[in-house]
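Below: one structure, written as structure tokens.
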Amino acid sequence: MQAERPVRRAVAVVVLGLGVAAGAAAITLLSLIMRSVTEVGGSCSDGGPYVSAQPCPSGTGTALLLVFACVFTCIIGTLWAASVLKAPMPLLLGWPALFLTLGWNFLEDGFDPPMGEGVAVGFVVCGAIFVLMGAAPLAVWLSVARQNRRTRRAQAGVAPAAPAPAAAAKVPPPRAKPAEDDPRASAMSVAGRLERLAALHASGMLTDAEYSRAKRATLEEELDR
């Protein structure tokens, strides 16, 4: 079982990469399809009894099938691989990426229409709506990620340790000297905390300013004893 875990994780890494690539390919194909349809007037149709006067560009149907295949691969691959690796879900960024891309296409075609002159107000309005639909979830996701990072820092012991409860202080071990009265134990405690802060700073969990404040607070706390 232990030998299977590294292999399973390696497979999950590959599948996760393929899933992300498939999602990017789906968004790229949708953007290209939108560009090609816009160049022929913004609408088209092929086959059936109600065929419009404007046929779709060659290869549009095949490109749509590829889009569906890429979306399916992206959803299945990223869901499975992210659960195995305990990694953030890339699908959360799929919505902002899709709508920001299509919104950009609408805005570009609105201000510089491929057929005709002037500004296409309808395209500009659609572009603004699509950009808002993509930017709002992205802002929420970034806010949540920042809050989670602060929570991890707090759980890592960046904040000064809280004093021991009063109830516990009333029942010290018999004939035992408190650890804080022992200079050797106190020095070891301070050294351990400083080493932990240095490790957090080296790993990037603490900025230079946060590391300086925490180090100063630790040393001042030791001097006050």
Exercise. Of all heavy-atom pairs between Ala128 and Leu107, which one has the smallest distance, and what is that distance?
Worked result: N-CD2, 3.8 Å
Exercise. So if you build clusters from Ile, Leu, Val, Met, Phe, Trp, Tyr with side-chain heavy-atom gaps below 4.5 Å, do Phe111 and Val37 land together?
Worked result: yes
For this session: May I ask whether Val121 and Val131 are part of the same hydrophobic cluster, defined by side-chain heavy atoms of I, L, V, M, F, W, Y residues being less than 4.5 angstrom apart, directly or through others?
Result: yes
Seminar exercise, completed: d(Leu102 CG, Ile129 CD1) to nearest 0.5 Å is 13.0 Å
For this session: Might you point out which heavy atoms bring Ile33 and Ser36 nearest each other, and give the distance in Å?
Result: O-OG, 2.8 Å
Exercise. What are the two closest non-hydrogen atoms of Met133 and Pro137, and how far apart are they?
Worked result: O-CD, 2.9 Å
For this session: Determine the interplanar angle of the Phe130 and Phe99 rings, folded into 0 to 90°, and report it as parallel if under 30°, tilted if 30 to 60°, perpendicular if over 60°.
Result: tilted
Review item, side-chain donor-acceptor pairs of residues 14-24, under 3.5 Å, at least two apart:
none

Exercise. With sequence neighbours excluded, what pairs up with Leu138 under the side chain to side chain contact (heavy atoms under 4.5 Å, CB included) test?
Worked result: Leu93, Pro96, Leu100, Leu142
Exercise. Looking at Leu29 and Ala63, what are the two nearest heavy atoms and their distance?
Worked result: CD1-O, 4.2 Å
Exercise. Can you tell me if Thr101 uses its side chain to pair, donor with acceptor, with the backbone of Ala97 under 3.5 Å?
Worked result: yes
Problem set entry | Side-chain touch Gln147/Thr151, heavy atoms, less than 4.5 angstrom | yes
Exercise. With the 4.5 Å side-chain cut-off for hydrophobic clustering, are Ile27 and Leu64 part of the same group?
Worked result: yes
Exercise. Taking only residues at least two apart or on different chains, which pairs with a member in residues 87-108 satisfy salt bridge (Lys or Arg N to Asp or Glu O under 4.0 Å)?
Worked result: Arg35-Glu108
Under 3.5 Å, side-chain donor or acceptor atoms of residues 67-82 against the rest of the protein: list the pairs with distances, not counting sequence neighbours.
{"residue": "Thr73", "atom": "OG1", "partner": "Ala69", "partner atom": "O", "Å": "2.9"}
{"residue": "Thr78", "atom": "OG1", "partner": "Cys74", "partner atom": "O", "Å": "2.5"}
{"residue": "Thr78", "atom": "OG1", "partner": "Ile75", "partner atom": "O", "Å": "3.4"}

Exercise. Who pairs with Arg216 by side chain to side chain contact (heavy atoms under 4.5 Å, CB included), at least two apart in sequence or on another chain?
Worked result: Arg213, Glu220
Problem set entry | Ser31: partners by side-chain hydrogen bond (donor to acceptor under 3.5 Å, both in side chains), with sequence neighbours left out | Asn105
Problem set entry | Linked, directly or transitively: Val144 and Leu91 (ILVMFWY side chains, under 4.5 Å) | no
Exercise. Closest heavy-atom contact between Leu92 and Trp141?
Worked result: CD1-NE1, 3.7 Å
